[in-house]
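Right, one structure below, let's go through it.
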Amino acid sequence: MKNATKILSAVLILLLLFNVYQLIKCSTSPYDQNSIDQNYKVEIGRISGGIEDVNDIDYTGYLLAIEHASKASALSQLTSYHKKSPDTTSRVSEINVMLRDLHNNKKAPKNKEELLNLIQKFSSDPTDQKILNEIFVLLQESLNS
């Protein structure tokens with residue numbers, strides 16, 4: 001009987017230690033969330049780096065922009081911004097599609113400087129629906145030209 005009590009006590013202590021470990025691990029998740037949010041913002045900002053390299057002769061800069069838009073799209077559902085503004089984060093994947101269409105149609109972006117500035121602003125505040133809509137307008141104008 002004493003052995004059973006000792007074994008049961010040992011198991012309970014191990015379970016308690018495991019629960020404490022899980023609690024500590026869960027309490028560090030805001031750091032992980034901050035890391036995801038920061039990576040998301042960085043990837044959005046890097047889209048402009050690829051677009052900056054696009055001109056009427058060379059469209060390969062779109063490939064870099066598409067890569068970063070894809071990364072941002074993949075991260076969007078995991079960010080805290082998705083909880084605040086799910087419509088905005090879910091629409092980031094549309095930027096990827098529009099950039100791909102511009103690349104395939106060999107069209108340089110119209111108002112490139114304005115587009116680059118808007119993307120940088122959006123990377124600072126990824127919940128701003130107004131800026132995202134302006135980005136879409138500029139990309140659509142480029143596609144329609």
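Numbers here simply count residues along the sequence, with the first being 1.
- Every residue two or more places apart in sequence or in another chain was checked for a salt bridge (Lys or Arg N to Asp or Glu O under 4.0 Å) with E114, and none qualifies.
- Applying the salt bridge (Lys or Arg N to Asp or Glu O under 4.0 Å) test to E52 and every residue at least two apart in sequence or in another chain returns nothing.
- L102 and Y59 fall within the same hydrophobic cluster, defined by Ile, Leu, Val, Met, Phe, Trp and Tyr side-chain heavy atoms under 4.5 Å apart, directly or through other members.
- By the 4.5 Å heavy-atom criterion applied to side chains, F122 and V92 are counted as neighbours.
- Taking every heavy atom of both residues into account, I47 and A65 meet most closely at O-CB, 3.5 Å.
- Residue-environment remark: CD1 (I57) stays at or below the threshold of 12 foreign heavy atoms within 6.0 Å.
- One finds the OH atom of Y81 at 11.5 Å from the CG atom of L75 (value rounded to the nearest 0.5 Å).
- Between the CZ atom of R100 and the CG atom of N96 there is a distance of 6.5 Å, given to the nearest 0.5 Å.
- Residues satisfying the salt bridge (Lys or Arg N to Asp or Glu O under 4.0 Å) criterion with K107, sequence neighbours excluded, are absent altogether.
- Within the structure, salt bridge (Lys or Arg N to Asp or Glu O under 4.0 Å) contacts touching residues 75-93 (residues at least two apart or in different chains) are R91-E94.
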Let me have the donor-acceptor pairs involving side chains of residues 38-46, under 3.5 Å, with sequence neighbours excluded, atom names and distances please.
unit_1 : atom_1 : unit_2 : atom_2 : d
N39    : ND2    : S35    : O      : 3.4
E43    : OE1    : H68    : ND1    : 2.6

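- Atom CG of residue N105 and atom OG of residue S145 lie 9.5 Å apart, to the nearest 0.5 angstrom.
- Of the inter-residue distances, the one linking L143 atom CG with Q140 atom CD reads 5.5 Å to the nearest 0.5 angstrom.
- Follow the hydrophobic side-chain contacts under 4.5 Å out from L118 and you reach L116 in the same cluster.
- When all heavy atoms of S85 and T127 are compared, the pair lying nearest together is OG-O, 3.9 Å.
- Atom CD1 of residue I95 and atom CZ of residue F136 lie 5.0 Å apart, to the nearest 0.5 angstrom.
- Judged by distance alone, with hydrogens and angles left aside, the side-chain atoms of S70 form a donor-acceptor pair with the main-chain N or O of I66 at under 3.5 Å.
- Checking side-chain atoms of D37 against main-chain N and O of S80 turns up a donor-acceptor pair under 3.5 Å.
- Applying the salt bridge (Lys or Arg N to Asp or Glu O under 4.0 Å) test to pairs two or more places apart or on separate chains, none has a residue in residues 136-145.
- Taking the side chain as every heavy atom from C-beta outward, D53 and T60 never approach each other to under 4.5 Å.
- In terms of heavy atoms, M98 sits closest to L139 at CE-CB, 3.7 Å.
- The two residues N55 and D58 have their closest heavy-atom pair at OD1-N, 2.6 Å.
- Cluster annotation: I119 and V97 are assigned to distinct hydrophobic clusters (Ile/Leu/Val/Met/Phe/Trp/Tyr, side-chain heavy-atom contacts under 4.5 Å, transitive).
- The minimum heavy-atom distance between K112 and I51, with the atom names listed, is CD-O, 3.5 Å.
- Remark: K106 NZ to D56 CG distance equals 12.5 Å, nearest 0.5 Å.
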Checklist entry - Could you go step by step and tell me if N117 and E113 meet the side-chain hydrogen bond (donor to acceptor under 3.5 Å, both in side chains) rule? => result CA-CA 6 Å; N117 289 332; E113 289 305 314; 5.3 Å; no

